[in-house]
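Single-structure report; data block below.
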Amino acid sequence: MWTFTADVAEYAAAAEPFLLADPVRNTVPLTVLADIREGMPAQGAVFGWWTSGGEVRGAAFRTPPRALVLADMPVEAGISLMREKIGDVPAIVGPRRLAEAACEALGRPGDVRAERLYRLGGLTVPGTPGRGRTATAGDLPLMVAWLDAFGAEVGMDSGDPVEAATRRLARGDLVVWEEDGVPVSMAGVSPGVGGICRIGPVYTPPACRGRGYGSAVTAFASRRALDERCDEVVLFTDLANPTSNAVYQAIGYEPVADYAHVRFGGSA
């Protein structure tokens, strides 16, 4: 049975223990919950949890106009969710088996971007020229531009880039790689939740690609996360981009599970 609420505290009380039982696979629901608690806008948000046998065994949420996000849960929970009146869903994000079952239940095939969740094993730091540093308030215009460019490139609506950059800079979530004092790549580091941090987004402007900057900034962000925030680090990759998958594996990331971002009718 699904239960829905617009109250984030009520949702957290019911679903957070379930999510924390597997903080690696549920990294997205957990970090979004942490962001909302710290003031990320969530107007019109709907949160839900699935109860079976007297226990919470599933969770999902949507913060319009963004996608419906599915936690790692039984396929039957995802199918049941599609039978509920959850409004017009523009996209679905979650474990691939769940996302595909949900699309089948909806009768909407959608445009699927296959993703893979990786967890860091032993970190290998590349010998890329330059240095990493935490982004500061002076980097705000550049971070806004790069967050906006990343969203446009991957076809995801990540919300207001000014709000996101301001919030993440204040929390020290953004790092840059620079060469000769010039920023050439960026990575985000999520808050530690359940002992897990997630790296993302990682963005290198087109003119700076092919020089190892993305690998370097990811390794720098990963080391910083382990030193200051968490016990383990994860990230997602687009399986259609073999270069990024190879880069992350080269610095020590190991596959965990396949996920999917499904868009309907050209939506984000």
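As the structure is a prediction and not an experimental result, all values here were calculated from the model.
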Exercise. Do the non-hydrogen side-chain atoms of Leu30 and Arg198 ever get within less than 4.5 Å of each other?
Worked result: no
Problem set entry | Heavy-atom side-chain proximity of Val193 to Leu19 below 4.5 angstrom | no
For this session: List the steps, then state whether side chain to side chain contact (heavy atoms under 4.5 Å, CB included) holds for Asp238 with Val154.
Result: CA-CA 9 Å; Asp238 181 350; Val154 302; over 6 Å; no
Exercise. Do Thr218 side-chain atoms and Gly214 backbone N/O form a donor-acceptor pair below 3.5 Å?
Worked result: yes
For this session: Check the pair Ser222, Tyr253 against side-chain hydrogen bond (donor to acceptor under 3.5 Å, both in side chains), reporting the backbone distance first and the verdict last.
Result: CA-CA 10 Å; Ser222 302; Tyr253 279 88; 2.6 Å; yes
Side-chain polar contacts of residues 119-132 - donor-acceptor pairs under 3.5 angstrom, sequence neighbours left out - could you list them?
residue	atom	partner	partner atom	Å
Thr128	OG1	Gly212	O	3.3
Arg131	NE	Glu178	OE2	3.0
Arg131	NH2	Glu178	OE2	2.8

Exercise. So do Asp35 and Pro191 actually touch side chain to side chain, heavy atoms under 4.5 Å?
Worked result: yes
For this session: Please answer whether the main-chain N or O of Thr136 pairs with a side-chain N or O of Asp139 as donor and acceptor at a distance below 3.5 Å.
Result: yes
For this session: Report yes if some heavy atom in the side chain of Glu10 is under 4.5 Å from a heavy atom in the side chain of Phe47; otherwise report no.
Result: no
For this session: Can you establish whether the number of heavy atoms outside Glu104 located under 6.0 Å from its atom CD is more than 12?
Result: no
Exercise. Does any non-hydrogen side-chain atom of Val69 lie less than 4.5 Å from one of Val32?
Worked result: no
Problem set entry | Non-hydrogen side-chain atoms of Leu81 and Trp50 separated by less than 4.5 Å | no
Exercise. Can you tell if the side chain of Met82 reaches within under 4.5 Å of the side chain of Leu68, non-hydrogen atoms only?
Worked result: yes
Exercise. When the ring planes of Phe236 and Tyr259 are compared, do they come out parallel, tilted or perpendicular, using 30° and 60° as the limits?
Worked result: perpendicular
Problem set entry | Side chain proximity check, Ser190 to Arg229, heavy atoms < 4.5 angstrom | no
Problem set entry | Under 3.5 Å donor-acceptor, Arg113 side chain and Leu239 backbone | no
For this session: Would you confirm whether Thr31, through its side chain, and Val28, through its main-chain N or O, come within 3.5 Å as a donor-acceptor pair?
Result: yes
Exercise. For the side chain of Trp2 and the backbone of Ala77, is there at least one donor-acceptor N/O pair under 3.5 Å apart?
Worked result: yes
Kindly list each side-chain donor-acceptor pair under 3.5 angstrom involving residues 89-98, sequence neighbours excluded, with atom names and distances?
residue	atom	partner	partner atom	Å
Arg96	NE	Glu100	OE2	2.8
Arg97	NH1	Asp72	OD1	3.2
Arg97	NH2	Asp72	OD1	3.2
Arg97	NH2	Met73	O	3.0

For this session: Show your reasoning for whether salt bridge (charged side-chain N to carboxylate O under 4.0 Å, His left out) applies to Glu84 and Arg62.
Result: CA-CA 14 Å; Glu84 301 287 344; Arg62 183 172 175 232; over 6 Å; no
Exercise. Between Trp177 and Tyr248, is there a shared hydrophobic cluster once you connect ILVMFWY residues whose side-chain heavy atoms come closer than 4.5 Å?
Worked result: yes
Problem set entry | Backbone N/O of Leu174 and side chain of Thr134: donor-acceptor pair under 3.5 Å | no
